[in-house]
Asks: 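Starting off with a structure, shown below.
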Amino acid sequence: MKIIFDFETFLYKGIGSRIKNYRIKKLGVKQDKLVAKLKTDYYISVDTSRLSAIENGRPHKKKNPHLLTESQLEGFTELLNCEKKELIFGNHIDEEESVKIFLLAIIMNSEKDEEGKYIIPFMDFLFGKKNSPELRKSIKKKSSESKNKIVTLSENNEMYLRTISGLNKVKEMYPFFTNEKVYEKYQFLLGEPHSRIELISNLLIKLLMGDLEFANYYILRMSKVCEINESNDVVYSFLENKGMIGGTLIGDKNNFYIFANAFEKMWRRHKELFIEYFEGNLFNRIIKSDLKYKEIKNELFNDVITDTKFSNLIFSVLEKDRFSIETMDGHYLFYQHLLNRYVDKKIQNSIEQTY
């Protein structure tokens, strides 16, 4: 069966990571010691092989398809001295980060490039750069070419430090999009592109239009795409909240910072509403006991993000943004461009109904 989003892998990796971190950072013991403690103090019988699988978020399809049994869940909850919800979904900081990852994944809809590789909305070109031999070699080569002379060691080191300083500034500006751990979590969630996600994906992209720079970038980018394709179909589809344009907007990442800026601004404006939605429809349901741990599956997550309650929430937020002083200029530019370039009765009606 086609997996829209692999929420189970995302979930199990998080649970395993929390258990592993507790063992290493809080208890300071190796796996065999924890295995003995689990058996004597919490009556949980697992061997080191199984504990390793749990810590790495690898369920056993036959013996334990949900990573943890109910008794193991109770035992680990007691061990970590936390609520069941926190072991499963993390603390409030983890939940906030998860919701942000959810929104980004929805925008991208697991889109792939021509080679069948996922289009990644992160500044992954920065990963592993600091202190790498490759970076030093690159700087040495560029400095020699630009000055057309032999560069001294001190000059080369100075350029290296300036480059590292620049990379650090980028990471300070975009901590979410330059975080390798967040990037890894995002990858765990990916599945296959699906038409069920298109509505929510395109609505979220329209929310990004509240940033004037992004709205202008969208206009230029889509105009170029339409010119190359000799067709406006991609724009018409977007207006009707169909198709995928996340990958097209990111492109070769030369202007990725524009997307990152718009996403971060959108997140700051509306994160409370998004967090509240996922708290009520996912995270807190484990507390209310209307949701059992083994019922937290891919299907549940996909139903939560495609529920009409979620799309209605985004529609209402989008309407609010269109008339907010902070965001109205971007939305007005986007709206007027559509009317001026793609105007005819059919398209104008489509704009008014879906935007």
Side-chain angles (χ1 to χ4, degrees), residues 5-28 34 38 42 44 51-59 64-106 121-122 175-191 263-264 267-268 270-305 310:
F5 285 116
D6 193 356
F7 184 67
E8 291 169 30
T9 295
F10 179 89
L11 188 74
Y12 299 156
K13 291 290 185 180
I15 294 172
S17 177
R18 283 182 276 281
I19 293 173
K20 183 177 182 178
N21 286 339
Y22 186 85
R23 174 179 63 80
I24 295 174
K25 296 179 180 180
K26 295 291 185 180
L27 298 180
L34 180 55
L38 289 170
Y42 303 99
I44 297 176
L51 178 59
S52 177
I54 290 173
E55 289 186 345
N56 286 284
R58 297 196 307 267
N64 198 356
H66 309 296
L67 188 69
L68 299 175
T69 63
E70 285 294 338
S71 61
Q72 288 171 347
L73 180 63
E74 295 290 342
F76 278 111
T77 297
E78 190 176 349
L79 171 69
L80 273 63
N81 191 28
C82 67
E83 297 294 331
K84 188 184 297 185
K85 174 194 172 188
E86 185 173 341
L87 176 58
I88 297 172
F89 298 113
N91 58 30
H92 70 281
I93 296 176
D94 296 322
E95 289 181 353
E96 182 173 317
E97 181 182 83
S98 291
V99 173
K100 203 170 180 181
I101 291 172
F102 297 163
L103 297 181
L104 187 59
I106 291 170
F122 285 88
F176 179 77
F177 289 98
T178 58
N179 189 314
E180 289 187 65
K181 290 184 178 179
V182 174
Y183 166 64
E184 186 179 52
K185 292 177 183 178
Y186 171 87
Q187 288 185 303
F188 292 146
L189 189 61
L190 300 181
F263 184 90
E264 290 290 0
W267 173 250
R268 287 195 292 271
H270 305 300
K271 72 175 184 178
E272 286 81 8
L273 288 175
F274 290 128
I275 291 173
E276 182 181 2
Y277 177 82
F278 283 98
E279 283 279 5
N281 293 277
L282 183 61
F283 303 143
N284 284 344
R285 289 183 61 189
I286 203 73
I287 299 176
K288 299 175 184 177
S289 298
D290 68 335
L291 179 67
K292 295 181 179 179
Y293 169 69
K294 66 180 181 180
E295 296 173 339
I296 307 175
K297 298 182 177 181
N298 294 334
E299 293 79 8
L300 171 71
F301 177 76
N302 294 326
D303 287 343
V304 168
I305 62 175
F310 192 39

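Just so you know, these numbers come straight off a predicted model, no measurement behind them.
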Asks: A side-chain contact here means heavy atoms from C-beta on lying under 4.5 Å apart; do Y293 and L87 qualify?
Replies: no
Asks: Do I15 and F76 have side chains that get closer than 4.5 Å, going by heavy atoms?
Replies: no
Asks: Once you round to the nearest 0.5 Å, how far does CD1 of I286 lie from CD1 of I88?
Replies: 4.0 Å
Asks: Relative to each other, are the rings of H270 and F274 parallel, tilted or perpendicular (30° and 60° limits)?
Replies: perpendicular
Asks: Minimum heavy-atom separation for F10 to S98, with atom names?
Replies: CZ-OG, 3.6 Å
Asks: Can you check whether G280's main-chain N or O pairs, donor with acceptor, with N284's side chain at less than 3.5 Å?
Replies: no
Asks: Measure from the side-chain N and O atoms of D6 to the backbone N and O of G191, and report whether any donor-acceptor pair falls under 3.5 Å.
Replies: no
Asks: Between Y22 and L27, does the side-chain contact (heavy atoms from CB on, under 4.5 Å) criterion hold? Intermediate values first, please.
Replies: CA-CA 6 Å; Y22 186 85; L27 298 180; 3.6 Å; yes
Asks: Show me the pairs that pass salt bridge (charged side-chain N to carboxylate O under 4.0 Å, His left out) and involve residues 9-23, at least two apart or across chains.
Replies: R23-E55
Asks: Does E295, at its CD atom, have more than 12 non-hydrogen atoms belonging to other residues, nucleotides or ligands within less than 6.0 Å?
Replies: yes
Asks: Can you list every pair that meets salt bridge (charged side-chain N to carboxylate O under 4.0 Å, His left out) and has a residue in residues 75-89, with sequence neighbours left out?
Replies: E74-K84, K85-E95, K85-E279
Asks: Find the distance between CD1 (I275) and CZ (F102) and round it off to the nearest 0.5 Å.
Replies: 11.0 Å
Asks: Using every non-hydrogen atom in the two residues, find where I19 and I54 come nearest and quote the distance to one decimal.
Replies: CD1-CG2, 3.8 Å
Asks: If we ignore hydrogens and angles and just use 3.5 Å, is the side chain of N56 paired with the main-chain N or O of R58 as donor and acceptor?
Replies: no
Asks: Could you label the plane-to-plane angle of the F177 and F122 rings as parallel, tilted or perpendicular, counting under 30° as parallel and over 60° as perpendicular?
Replies: tilted
Asks: Can you tell me how far apart CG (L11) and CG (L67) are? Round to the nearest 0.5 Å.
Replies: 8.5 Å
Asks: Roughly how far apart are N179 CG and K185 NZ, rounded to 0.5 Å?
Replies: 8.0 Å
Asks: Could you measure the distance from the CG atom of L282 to the CZ atom of F278? Nearest 0.5 Å is fine.
Replies: 7.5 Å
